[in-house]
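Encoded as C-alpha cells, the structure appears first; notes follow it.
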Amino acid sequence: MRTIRLAPGADLAGFRAAARRLAAEGVPPEAAAFTTADAPGLFAAPPEAEAPPLALPKPVAALIPAVVPHRDPERYALLYGLVWRALHGERHLLEVASDPLVHRLLRMRKAVGRDLHKMHAFLRFRRVPGQGEGQGEGEGQGRGQGQEPRERFAAWFEPDHHILAAAAPFFVERFPAFDWSILTPEASAHWDGAALRLGPPGRREDVPATDSFEAGWCAYYASTFNPARLNPTAMRAEMPKKYWRNLPETAAIPDLVRAARPRVAAMIEREPALPQKRVPARALAAMAAQEPASLDALNAIIRRSEPLVPGATQAVLGEGPLGAAIAFVGEQPGDQEDRQGRPFVGPAGQLLTRALEAAGIERPAAYLTNAVKHFKFEERGRRRIHQKPTAGEVAHYRWWLDRELGFVRPRLVVGLGATAVLALTGQTIPITRARGPARFAGKPYTGFITVHPSYLLRLPDGAKDAAYTAFVDDLRRVRALAEETAA
Ligand code: URA
C-alpha cells in the first residue's frame, strides 16, 4: 500500500503531484491511501520530484480543484479513483451521472460551490481602527501610490469546507483598493494591494466587533427590506443562522420581522389601489444582496438606500439613454446635484456641458453618472463643503456602478478624475500620468482617463484656459474613439 501524506486543507498542488506519480508508476486506487498531515505547513509544496502531467479529459481536470476543498477526508482517494478510471478507458465517465463515484463527486462539487457562494455573499469586512482614515483632498490631482496610508479591513468567517484559497480572489477583485485580511479557524488570507498571501489560522477576537460601515449596511438592509415579502423559512434557508453573527445587517432583522405585519397593514391602508397579486416569497438575505434585473430596478435600490455618510438629501442617479455610446463617470454629486437630484448640474457640471459641446459630443446622447451616489460634505456656516469620499466608500458603491454600466452598455467609459478611475479600476492611478485612452482590466468597454472638471475650476486664472483647451482636446479624442469603436 502506498501512503500519500498531503497538507491539511485544500492541498491541490500536493494531490496533483501525487496523482501524477502514482499514475506514472501504475499504482491502482486500491493500492493508494491518502492522509493529511497534522503539521501546520498548510500550503506546503509536495516533497517528492514531479512526474509529467496527466492527459486527463477536460471535465475531469476541471472537477479536481472544485472537489479538493471539500471537508470529506476521502476526497483525495475518490478523486484518484476518478483519475485512474479516466486514464484507463473511461474518458467520458463524468457523463454517467448515475455512477456512484461520479454522483458522489458531483455532490461534493456542489457543496463546495454553495459554500463559496455563502462566503462571497455573507462575509463582511470591518474597518481596523486608526488605519487609513481621514484622507481626502482635491479631485483630479492624482495621488501617487504609497503617499497615504491605505484603509485596512478585517473579516471573520467560518466556512464549511477548505475554501479560503479558492474564495479569496473574489475579494481581491471586489475590494482591491484597501488592505484586508480574512480570518478563518483554519487559515487566513491577506491582501496588501499587490499580493495575496495565505497564512495561519485567525481568531474571531482579532476582528473588530463593529465599525463605521455598520450603520451603512444596516441602513441599506433596512431600506431594501420589503415587509410584504417576509418569509422567515426561505430567509433561514438562504442565510443560515450560523452566518448571522458576522453580518451587521442581521442586527436589524428581529425588529424588521416584528414590524413587518404592521408595516404591511399600513402599506395596504395607504395604497388601497395596490394590485393584490401574490408576491413570490423571497429570502430576506437575497434582498440584501439582490441582483437587479434592470437599470430601473437597480435605481430603485439606490434611491431607497441611505447614504454611507449621513447628510445627503437624496441619491443622485445616472442620467442618459441605455445604450449610450459614451458614459462619463464623475466622483460624487455636489451641492447643486444633491438639491436637484441630477448629476453634473452645478458649476463643474456646467463646465463639463460646455466642454462637451465644444468637442462635438451631445450631452443628452451620453450617459453621465458618479462613482458615489450621495453628496458627502462638511457644514461650514450655511455652506456645505464637498468632502472627498474615502477608498472604502468608493468600494462600497462600486458594485452599483459596475451593474449600472452593465445595463447601459457603453462602448467607451470616461473616468473623470482619480475617484472615478479608482471606482472603475480598483486602483489609485495618478491622472496626469495615465491621461488618455486606457484599458480597464476585465471590462467590456474601452476606457479613457481625464481630469475632473472641478479641477479646472480650482486652477489659478492664469492656468485655466490652457487646461480647459487640453480638456476639450481629450473630449475630442473621446468622441473620435467612440466613433472608431462603432465602426
Ligand atoms: N462632480 C461630480 O463628480 N459629479 C457631479 O455630478 C457633480 C460634480
Side-chain angles (χ1 to χ4, degrees), residues 1-25 27-48 50-51 53-88 90-120 157-170 184-189 198 200-201 242:
M1 178 68 82
R2 284 282 297 276
T3 300
I4 311 297
R5 303 192 76 199
L6 295 173
D11 188 0
L12 180 61
F15 172 73
R16 277 198 179 124
R20 285 173 189 173
R21 273 196 318 274
L22 293 170
E25 292 169 24
V27 180
E30 56 278 15
F34 291 84
T35 66
T36 50
D38 324 301
L42 194 56
F43 301 97
E48 295 175 43
E50 289 259 320
L54 301 172
L56 290 174
K58 264 196 188 149
V60 171
L63 187 66
I64 293 171
V67 170
V68 161
H70 200 280
R71 193 169 285 282
D72 189 331
E74 288 184 32
R75 63 194 180 282
Y76 296 119
L78 295 170
L79 283 171
Y80 185 59
L82 181 80
V83 166
W84 181 264
R85 285 173 62 185
L87 292 174
H88 290 82
E90 295 185 72
R91 294 190 66 80
H92 299 288
L93 173 64
L94 277 185
E95 290 163 24
V96 189
S98 56
D99 182 282
L101 175 65
V102 172
H103 180 71
R104 187 157 167 202
L105 286 170
L106 293 182
R107 284 184 51 162
M108 289 165 82
R109 175 174 71 180
K110 195 165 175 189
V112 169
R114 203 177 310 120
D115 204 27
L116 276 167
H117 167 74
K118 301 278 188 226
M119 186 160 181
H120 292 160
F157 200 81
E158 294 170 54
D160 288 338
H161 300 283
H162 309 293
I163 57 166
L164 180 61
F170 168 89
T184 78
E186 66 179 27
S188 54
L198 295 164
K242 96 172 218 197

I need the His117 NE2 to Ile163 CD1 distance, nearest 0.5 Å.
11.5 Å
Under 6.0 Å from the NE2 atom of His120, do we count more than 12 heavy atoms belonging to anything else shown?
yes
Please evaluate residues Val60 and Leu93 with respect to the criterion side chain to side chain contact (heavy atoms under 4.5 Å, CB included), reporting the C-alpha separation (whole Å), side-chain torsions for both, the decisive distance (0.1 Å), and the verdict.
CA-CA 9 Å; Val60 171; Leu93 173 64; 5.8 Å; no
Give a yes or no on whether the backbone of Pro200 and the side-chain of Ser188 come within a donor-acceptor separation of less than 3.5 Å.
yes
Which heavy atom of Ala167 sits nearest to which heavy atom of Met119, and what is that distance?
CB-SD, 3.7 Å
N/O donor-acceptor pair under 3.5 Å between Asp115 side chain and Asp160 backbone:
yes
Looking at Ala189 and Ala168, what are the two nearest heavy atoms and their distance?
CB-CB, 4.2 Å
Minimum side-chain heavy-atom gap Glu158-Pro185 below 4.5 Å:
yes
Do you know which two heavy atoms are closest between Pro69 and His161, and how far apart they sit?
O-CB, 3.2 Å
To the nearest 0.5 angstrom, please state how far the CG atom of Leu78 sits from the CG atom of Leu105.
5.5 Å
When rounded to the nearest 0.5 angstrom, what distance separates OG1 in Thr35 from CD1 in Ile4?
8.5 Å
Report yes if some heavy atom in the side chain of Arg85 is under 4.5 Å from a heavy atom in the side chain of Asp99; otherwise report no.
yes
Give the C-alpha distance, both sets of side-chain angles, the deciding distance and a yes or no for side chain to side chain contact (heavy atoms under 4.5 Å, CB included) between Leu94 and Leu82.
CA-CA 9 Å; Leu94 277 185; Leu82 181 80; 4.0 Å; yes
Atom CZ in Arg109, atom CD1 in Ile64: separation rounded to 0.5 Å?
12.0 Å
Which heavy atom of Val102 sits nearest to which heavy atom of Ala97, and what is that distance?
CG1-CA, 4.1 Å
Angle class for the Phe34/Phe15 ring planes (parallel below 30°, perpendicular above 60°, tilted otherwise)?
tilted
With a 3.5 Å distance limit and no angle check, can you tell me whether His103 reaches the backbone of Ser98 through a side-chain donor-acceptor pair?
no
Side chains of Arg71 and Pro159: closer than 4.5 Å at any heavy-atom pair?
no
Under the side chain to side chain contact (heavy atoms under 4.5 Å, CB included) rule, what do Phe157 and Leu164 come out as? Steps first, then yes or no, please.
CA-CA 9 Å; Phe157 200 81; Leu164 180 61; over 6 Å; no
Please round to the nearest 0.5 Å and tell me the distance separating atom OG1 of Thr36 and atom CZ of Arg75.
6.5 Å
Can you tell me how far apart CG (Leu12) and OH (Tyr76) are? Round to the nearest 0.5 Å.
8.0 Å
Would Val68 and Val112 count as a side chain to side chain contact (heavy atoms under 4.5 Å, CB included) if you check the C-alpha gap in whole Å, the side-chain angles of each, and the deciding distance to 0.1 Å?
CA-CA 9 Å; Val68 161; Val112 169; over 6 Å; no
Heavy atoms of His162 and Glu186 approach each other most closely as ND1-OE2, 2.6 Å
Leu101 and Gly81: which non-hydrogen atoms are nearest, and at how many Å?
CD2-C, 4.0 Å
